[in-house]
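Read the structure below first, then the notes.
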Amino acid sequence: MSSKILKFTLNGEPTEIAVAPDDMLLDVLRDRFDLTGTKKGCGAGECGACTVIINGEAVNSCMVPAMKAMGANVETIEGVGTPDKFHPLQEAFMDLGAIQCGFCTPGMIMSSKALLDKTTSPTRKEVKKAIAGNICRCTGYVKIEKAVLSAAEKMRENK
């Protein structure tokens with residue numbers, strides 16, 4: 001199959017790359033851009049470990065053909081915060097012990113960020129709905145939900 005040029009914005013930077021028609025966005029991000037924070041879990045859109053934000057919506061990148069990102073704004077966990085200044089979600093996950101084993105954390109943060117980008121005052125029910133597609137195999141979701149609500153509160157205070 002012949003490759004095509006995919007043009008999109010990746011973590012705020014205009015980007016171009018040649019991709020095959022059957023390349024999935026997850027594989028392009030991990031293998032071609034070395035953005036391994038986006039985890040490869042089930043490969044079937046069931047676990048949410050590969051969640052990225054495309055044009056403001058949290059999506060399972062394992063289910064998105066790379067060419068669907070043409071012209072889109074794609075955000076990965078690497079584009080959230082910096083090592084010198086973490087995003088409030090990242091801080092809250094660390095402060096409240098919501099990281100657990102860490103495998104689901106990037107996807108959880110991306111799903112949560114998509115929610116907080118839309119609403120600064122989510123309810124617990126909205127948080128549960130936002131992360132419903134993300135599976136945590138450790139202990140559960142209570143600390144994760146508390147972290148998202150804490151980050152939302154912190155973000156409101158800092159506005």
Side-chain angles (χ1 to χ4, degrees), residues 1-95 97-119 122 127-138 141 143-145 147-148 151-152 155:
M1 288 186 244
S2 64
S3 62
K4 296 186 178 196
I5 300 298
L6 168 63
K7 297 180 182 182
F8 66 112
T9 301
L10 179 58
N11 295 327
E13 297 292 325
T15 305
E16 290 185 22
I17 191 165
V19 299
D22 61 345
D23 282 345
M24 300 307 284
L25 183 59
L26 170 64
D27 298 320
V28 171
L29 294 172
R30 287 184 57 85
D31 300 339
R32 307 284 297 285
F33 290 101
D34 201 28
L35 296 174
T36 57
T38 303
K39 301 301 183 205
K40 191 168 193 170
C42 66
E46 299 290 330
C47 73
C50 65
T51 302
V52 299
I53 299 173
I54 299 178
N55 293 335
E57 300 296 325
V59 300
N60 293 320
S61 62
C62 71
M63 302 301 292
V64 178
M67 288 305 288
K68 288 278 188 182
M70 181 66 82
N73 182 26
V74 177
E75 298 174 68
T76 70
I77 191 67
E78 287 86 353
V80 178
T82 66
D84 296 329
K85 183 168 177 34
F86 292 118
H87 186 280
L89 274 167
Q90 293 166 316
E91 289 179 343
F93 269 63
M94 289 185 287
D95 292 346
I99 291 177
Q100 303 168 133
C101 86
F103 190 80
C104 72
T105 303
M108 289 283 187
I109 288 178
M110 297 312 289
S111 292
S112 302
K113 184 179 182 303
L115 171 67
L116 297 185
D117 286 348
K118 293 176 184 169
T119 179
V127 171
K128 286 182 176 185
K129 184 178 178 184
I131 62 172
N134 298 82
I135 295 175
C136 170
R137 293 178 173 87
C138 292
Y141 300 85
K143 289 180 180 178
I144 294 167
E145 293 163 9
V148 176
M155 291 168 71

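Residues take their numbers from the sequence shown, with the count starting at 1. As the structure is a prediction and not an experimental result, all values here were calculated from the model. The analysis underlying the following values was restricted to heavy atoms, covering all of them including side chains, and did not include hydrogens, waters or symmetry mates.
Between the side chain of Thr105 and the backbone N or O of Phe103, no donor-acceptor pair lies under 3.5 Å. A donor-acceptor pair under 3.5 Å is absent between the side-chain atoms of Thr9 and the main chain of Gly12, judged by distance alone. Checked by atom type and distance alone, the side chain of Glu16 never pairs as donor or acceptor with a backbone atom of Leu6 at under 3.5 Å.
In this structure the side chain of Arg137 reaches within 4.5 angstrom of the side chain of Cys47, judged on heavy atoms. Met108 places a side-chain heavy atom less than 4.5 Å from the side chain of Tyr141. Within the 4.5 Å cutoff, the side chain of Ile54 has no heavy atoms near those of the Phe8 side chain. Lys40 places none of its side-chain heavy atoms less than 4.5 Å from the side chain of Cys50. Residues Met24 and Cys62 form no side-chain contact, since every pair of their non-hydrogen atoms from C-beta on lies 4.5 Å or further apart. Proximity of Leu29 to Leu10: side-chain heavy atoms (C-beta onward) are separated by under 4.5 Å at one or more points. Counting only heavy atoms from C-beta outward, the side chains of Pro106 and Thr38 never approach each other to under 4.5 Å. Looking only at side-chain heavy atoms (C-beta outward), Lys113 and Val80 come within less than 4.5 Å of each other.
Contacts of Thr51 classified as side-chain hydrogen bond (donor to acceptor under 3.5 Å, both in side chains), with partners at least two apart in sequence or in another chain: Asn134. For Glu46, there are no side-chain hydrogen bond (donor to acceptor under 3.5 Å, both in side chains) partners, not counting sequence neighbours. Shown here are the side-chain hydrogen bond (donor to acceptor under 3.5 Å, both in side chains) partners of Thr76, two or more places apart in sequence or in another chain: Asn11, Glu78.
If you take NZ on Lys143 and CZ on Phe93, they are separated by 12.5 Å, rounding to the nearest 0.5 Å. Atoms CD1 and CD1, from Ile99 and Ile144 in turn, are 10.0 Å apart once rounded to the nearest 0.5 Å. Between atom CG of residue Asp117 and atom CD of residue Glu75 there is a gap of 6.0 Å, rounded to the nearest 0.5 Å. A distance of 9.5 Å separates CZ of Phe86 from CD1 of Ile109, quoted to the nearest 0.5 Å. In this structure, CG on Asp22 lies 12.0 Å from CE on Met67, to the nearest 0.5 angstrom. Ile17 CD1 to Asp23 CG: the interatomic distance, rounded to the nearest 0.5 Å, is 8.5 Å.
Salt-bridge formation is not detected for the pair Arg30/Asp34: no Lys NZ or Arg NE/NH1/NH2 atom is positioned less than 4.0 Å from an Asp or Glu carboxylate oxygen.
Nearest heavy atom pair, residue Gln100 against residue Cys136, reads NE2-SG, 3.3 Å. Pairing each heavy atom of Val52 with each of Ser61, the nearest pair is CG2-CB, 3.9 Å. Summarising the geometry of Ala152 relative to Pro122, their closest heavy-atom pair is CB-CD, 3.7 Å, with the distance given to 0.1 Å. Of all the heavy atoms in Val64 and Lys68, the pair that sits closest is CG1-CB, 3.8 Å. Summarising the geometry of Ile5 relative to Met70, their closest heavy-atom pair is O-CE, 3.1 Å, with the distance given to 0.1 Å. Contact record, Cys42 with Gly45: SG-N, 3.5 Å, taken as the closest heavy-atom pair.
The environment of NZ in Lys118 is crowded: more than 12 heavy-atom neighbours from other residues, nucleotides or ligands sit within 6.0 Å.
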Checklist entry - Under the side-chain contact (heavy atoms from CB on, under 4.5 Å) criterion, do Ile77 and Met110 qualify, and how do the steps go? => result CA-CA 7 Å; Ile77 191 67; Met110 297 312 289; 4.1 Å; yes
